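See structure below.
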There are 2 protein chains.
Amino acid sequence: MPRILVIDDEPQIRKFMRISLVANGYEVIEAENGAQGIEAARSQVPDLLILDLGLPDLDGQEVISAVREDSDVPIIILSVRAQELDKVEALDRGANDYVVKPFGVAELMARVRAVLRPRAVKGSDEVVKTGDVCIDLARRVVTRGGEDLHLSKKEWELLEFFARSPDYVLTHKEILKAVWGPAHTDDTAYLRVYVNQLRQKLEVDPAQPLLLVTEPGVGYRLKRRD
Amino acid sequence: MPRILVIDDEPQIRKFMRISLVANGYEVIEAENGAQGIEAARSQVPDLLILDLGLPDLDGQEVISAVREDSDVPIIILSVRAQELDKVEALDRGANDYVVKPFGVAELMARVRAVLRPRAVKGSDEVVKTGDVCIDLARRVVTRGGEDLHLSKKEWELLEFFARSPDYVLTHKEILKAVWGPAHTDDTAYLRVYVNQLRQKLEVDPAQPLLLVTEPGVGYRLKRRD
DNA sequence: CATCTTCTTTACGCTCCCTTTACGCCTTCC
DNA sequence: GGAAGGCGTAAAGGGAGCGTAAAGAAGATG
């Protein structure tokens with residue numbers, strides 16, 4: 001949940017921004033002038049700063065420079081001034097984007113996502129947990145009771161396919177097509193062998209599977225349990 | 001000298017862009033349609049991509065997605081369309097900025113500088129520790145048990161790439177592309193040799209690696225241990 | 001120009017994993 | 001009750017991928 005610092009002197013704009021940002025799943029901090037904003041940027045460590053250039057106490061451009069003195073936090077500028085000179089100055093002082101008022105909420109939210117994205121790519125862990133097994137799709141790691149499990153390439157590819165659709169029944173054909181390719185949609189022998197190998201490694205009692213269960217005549221299913 | 005790929009079908013705009021960019025100290029590559037652009041983005045490894053959404057062969061939005069399939073290169077969109085929906089789609093597909101035509105050169109150049117400015121990426125710490133090995137990414141120094149290790153240039157580049165994504169499985173192709181360049185994504189012999197050399201220097205028992213582990217058929221992984 | 005380091009390339013043995021086959025049990029349908 | 005097919009399990013053969021050493025090529029250094 002990224003934390004966003006909004007610096008704007010008009011209360012209704014702050015309110016409007018807060019509502020929009022919270023609705024998009026962000027945590028919001030507010031500051032009503034430049035000095036407060038600089039202080040908050042330092043002490044609260046936000047993930048993003050949205051700054052209105054028209055502030056009562058300080059020039060907005062000065063605020064950018066002040067924040068950049070000791071932080072690389074992304075900055076999106078809001079401003080009524082559309083002159084090129086203002087944009088260039090703000091961007092060169094370290095702002096990452098410059099949006100001219102009035103603007104659409106959807107666009108601003110998209111720009112927020114865009115500017116937060118680089119860290120979101122690898123930071124968003126896709127982890128599927130079931131029983132004492134934990135499947136980390138991004139890192140390509142499986143742990144059981146905290147300890148790393150070693151899976152072969154095919155074993156992982158199969159488990160990954162299950163983990164991307166937990167609790168869904170996957171047919172033999174679907175699985176074979178995804179893991180072994182469309183030329184092997186009838187080689188159910190592969191499945192029998194590899195499902196068994198996975199069970200040996202994942203299940204408490206491989207003969208009485210609780211996680212990777214058979215759907216007779218149809219396929220298999222990875223059950224989510226806690 | 002950053003390299004910028006300009007994708008635009010109008011020759012005079014490409015010429016105009018090239019002049020402006022070269023004057024600001026950039027190297028410029030050009031493509032006149034989407035297919036060429038995607039190919040160039042893959043083979044030429046630009047540092048920035050400037051893309052006109054109105055192309056003759058492909059939808060510009062498709063080009064963004066295609067490029068993002070195997071690259072994180074920054075993308076600035078140029079477009080005559082000012083509708084919010086277009087902006088949101090482009091940004092959500094992975095573009096970093098969206099500039100509506102007509103635009104001022106000074107502003108575009110400022111946005112180019114902004115997007116190329118090195119940003120601190122959360123998660124990639126400056127110092128990575130694992131086992132008795134300490135990798136200082138900023139100082140470019142590796143120590144083991146407090147003592148400095150001497151690494152050759154390629155050895156360091158390889159270890160640095162691992163250290164920037166510890167605990168993640170990195171595929172052969174990813175590593176080769178990053179360290180030896182996109183022309184050598186199939187030369188896994190390099191990897192075998194250099195991973196072995198790193199293990200000789202980093203591991204307690206190079207034959208039983210605990211830090212730099214093999215993921216058979218996939219790639220390698222730098223494990224964080226304590 | 002000589003020497004040393006580093007990068008690239010080749011070769012070989014070995015390990016592990018994919019594939020394939022076989023067999024026994026269970027369920028289901030005649 | 002018998003037969004047939006789906007499923008679980010074990011094991012073997014073959015091959016691809018990996019580790020390792022070592023030598024030639026290229027570059028750096030004095």
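Predicted, not measured: the structure shown is a model, and the values here were computed from it. Note that these values count all heavy atoms, side chains included, but never hydrogens, waters or copies made by symmetry. In the text below, chain A, chain B and the rest are named by the order of the sequence lines, each starting its count at 1.
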>> Taking CG in Leu85(B) as the centre, count heavy atoms belonging to other residues, nucleotides or ligands within less than 6.0 Å. Is the count above 12?
In response: no
> Contact class for His150(B) vs. all strands (heavy atom < 4.0 Å): base, sugar-phosphate, or nothing?
Replying inline: sugar-phosphate
>> I need the Glu69(B) CD to Ile38(B) CD1 distance, nearest 0.5 Å.
In response: 9.0 Å
> Between Leu158(A) (CG) and dC18(C) (C1'), how many Å, whole number?
Replying inline: 13 Å
> Roughly how many Å is it from CG in Leu191(A) to P in dG6(D), rounded to a whole number?
Replying inline: 13 Å
> Tell me: OH of Tyr194(B) to P of dT9(C), nearest whole Å?
Replying inline: 11 Å
> For Arg3(B), does its backbone N or O pair with a side-chain atom of Asp47(B) as donor and acceptor, under 3.5 Å?
Replying inline: yes
>> Heavy atoms within less than 4.0 Å of DNA chain C: which residues of residues 195-220 of chain A have one? Give them sorted by number.
In response: none
> Separation of Glu155(B) atom CD from dT5(C) atom C1', in whole Å?
Replying inline: 11 Å
Under 3.5 Å donor-acceptor pairs involving side-chain atoms of residues 181-189 of chain A, not counting sequence neighbours:
{"residue": "His184(A)", "atom": "ND1", "partner": "Trp180(A)", "partner atom": "O", "Å": "3.2"}
{"residue": "Asp186(A)", "atom": "OD1", "partner": "Lys173(A)", "partner atom": "NZ", "Å": "3.0"}

>> Determine whether a donor-acceptor pair (N or O, by modelled atom type, separation under 3.5 Å) exists between the side chain of Arg221(B) and the backbone of Arg139(A).
In response: no
> Can you tell me if Arg199(A) and Thr214(A) form a side-chain donor-acceptor pair at under 3.5 Å?
Replying inline: yes
> To the nearest Å, how far apart are Tyr190(B) OH and dT6(C) C1'?
Replying inline: 13 Å
>> Can you tell me which residue among Leu5(B), Val6(B), Ile7(B) is in a side chain to side chain contact (heavy atoms under 4.5 Å, CB included) with Ile29(B)?
In response: Leu5(B)
> Where each residue is assigned the nucleotide of DNA chain C containing its nearest heavy atom, which of Leu151(A) and Val193(B) is assigned the position nearer the 5′ end?
Replying inline: Val193(B)
> Rounded to the Å, how far apart are Lys154(B) NZ and dC7(C) C1'?
Replying inline: 8 Å
> Base, sugar-phosphate alone, or nothing: which one does Trp180(A) contact when heavy atoms must sit under 4.0 Å apart?
Replying inline: sugar-phosphate
>> Let's see if you can work this out: which of dA22(C), dC18(C), dT10(C) has an atom nearest to the side-chain heavy atoms of Arg192(A)?
In response: dA22(C)
> Rounded to whole angstrom units, what separation is found between the CG atom of Leu176(B) and the P atom of dT9(C)?
Replying inline: 12 Å
